[in-house]
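None of the values given here were measured: they were computed from a predicted structure. Chain A is the first sequence line, chain B the second, and so forth, proteins listed ahead of strands; every chain is numbered from 1.
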Amino acid sequence: MIEVLYFAWLRERIGLPRERVETAAATVADLVAELSAREDRYALAFADLASVRVALDQELSSFDAPLAGVREVAFFPPMTGG
Amino acid sequence: MIEVLYFAWLRERIGLPRERVETAAATVADLVAELSAREDRYALAFADLASVRVALDQELSSFDAPLAGVREVAFFPPMTGG
Amino acid sequence: MRLRLQAEPFALGAEAQAFAEAQAGAGAVVTFTGLVRDNAGQLSAMEIEHYPGMTEKAIGAMMDQAQARWALEDALVIHRHGRLLPGEAIMMVATAARHRAEAFAAAEFLMDYLKSRAPFWKKEFGADGAEWVAARDADEAALTRW
Amino acid sequence: MRLRLQAEPFALGAEAQAFAEAQAGAGAVVTFTGLVRDNAGQLSAMEIEHYPGMTEKAIGAMMDQAQARWALEDALVIHRHGRLLPGEAIMMVATAARHRAEAFAAAEFLMDYLKSRAPFWKKEFGADGAEWVAARDADEAALTRW
């Protein structure tokens, strides 16, 4: 069971700020594929992965990173703070 | 007749903030030589020209600059503002 | 070295004054303040979303890095989230060091990292509706110099 | 674009606040403040001598150059002269621009030029007497980057 968080337009497109996901996905990319297969709103949110960033347990990571041991996955657009 | 100004340790060594000088010196270097020949306190102040800067009519200049038309000459150490 | 994340407005003047007064050994204090531009009256508000938990971790790591790299006497980061109005301060960075080169470099480093590596997202509200602010290529490129 | 030379102390917080509030189009405000370091209690006072007339001309020219080169929305320079106490602000520079890179660059440019090309001279008073502050090679070298 992984906690999945969405921010900014990913949150808006998916319609949720967070959810618990039962998954056996080995990598972030596998999880994205699983979610995208679920419903159109996920497929739409993840359509252009070049504009999506991922953090694993609150550290920036990449789509090929393994999910083993990870409790929290967050998806969001490139950051625009400051 | 030229107005000559001294700042910081040049002012202290020469003992004057400013004076009017009657001179026919062609360049700043000539003026420095004239002043240095006057009295020891001038010679001492101008002993190391690498640590002396000059401004002509309030613009930074150099020792080989001509004095023709100049009304105000200022001598001072390298600046330490900011 | 202090970090504050808050929804409330802050006054950069009061923050800068208190920061400078807390310094004993520093000769140089640099502040950067980001303001909500009103875009010629087109902008009615800005909303900033962030990722609680990760924000603190990411900025804390940036501050530790800046402190070590430039031997800072002190540093402060304040960043707002939630709803902001035109003219209000979005965030500020303050750095204190013995000499100016270190204070400037550390402030620019913190800004470059905050822009592209701290989990904040801005949304602008205007006459034509709302829009998420797009990341600028120049901001990503700025990181390569550190 | 304003320049103030004054003997009186100033509060960087109040100046920075007023400066930022006067901006409409700027998204970025940078301030630099130089403080009298107390050098571990060894310094009792600092005196700053300047060259009235030339100071205004030199700094005015630097500000014009900065304004043109970085399309500044605004700039402010305050510099004190006369007697200063440890912890007091010696001077400050504030710059406002649309984006941070311009505001930072202009502030650093103004500081580099003020350090080595504006006619100010600092004298430090301490337990061992008084001494004129020597120019640092690093300050002269800093000019080559502009």
- Would you give the length of the straight line joining atom CD of D:Glu73 to atom CG of C:Leu35, rounded to the nearest 0.5 angstrom? 10.5 Å
- Item | Toward chain C, the part of D:Ala26 with a non-hydrogen atom under 4.5 Å | backbone
- Query: Counting only heavy atoms not in D:Glu131, do more than 12 fall under 6.0 Å of its CD?
  - Reply: no
- Query: Who in residues 86-118 of chain C is close to chain D, using a strict under-4.5 Å heavy-atom cut-off?
  - Reply: C:Arg98, C:His99, C:Arg100, C:Phe104, C:Ala107, C:Glu108, C:Met111, C:Asp112, C:Lys115
- The side chain to side chain contact (heavy atoms under 4.5 Å, CB included) partners of C:Glu21 (sequence neighbours excluded) come to C:Gln17
- Looking only at heavy atoms, what is the nearest atom pair of C:Asp38 and D:Ala24, with distance? OD1-O, 3.9 Å
- Message: Quick check for you: among D:Gly27, D:Ala11, D:Ala16, which has the greatest number of heavy-atom pairs under 4.5 Å with chain C?
- Response: D:Gly27
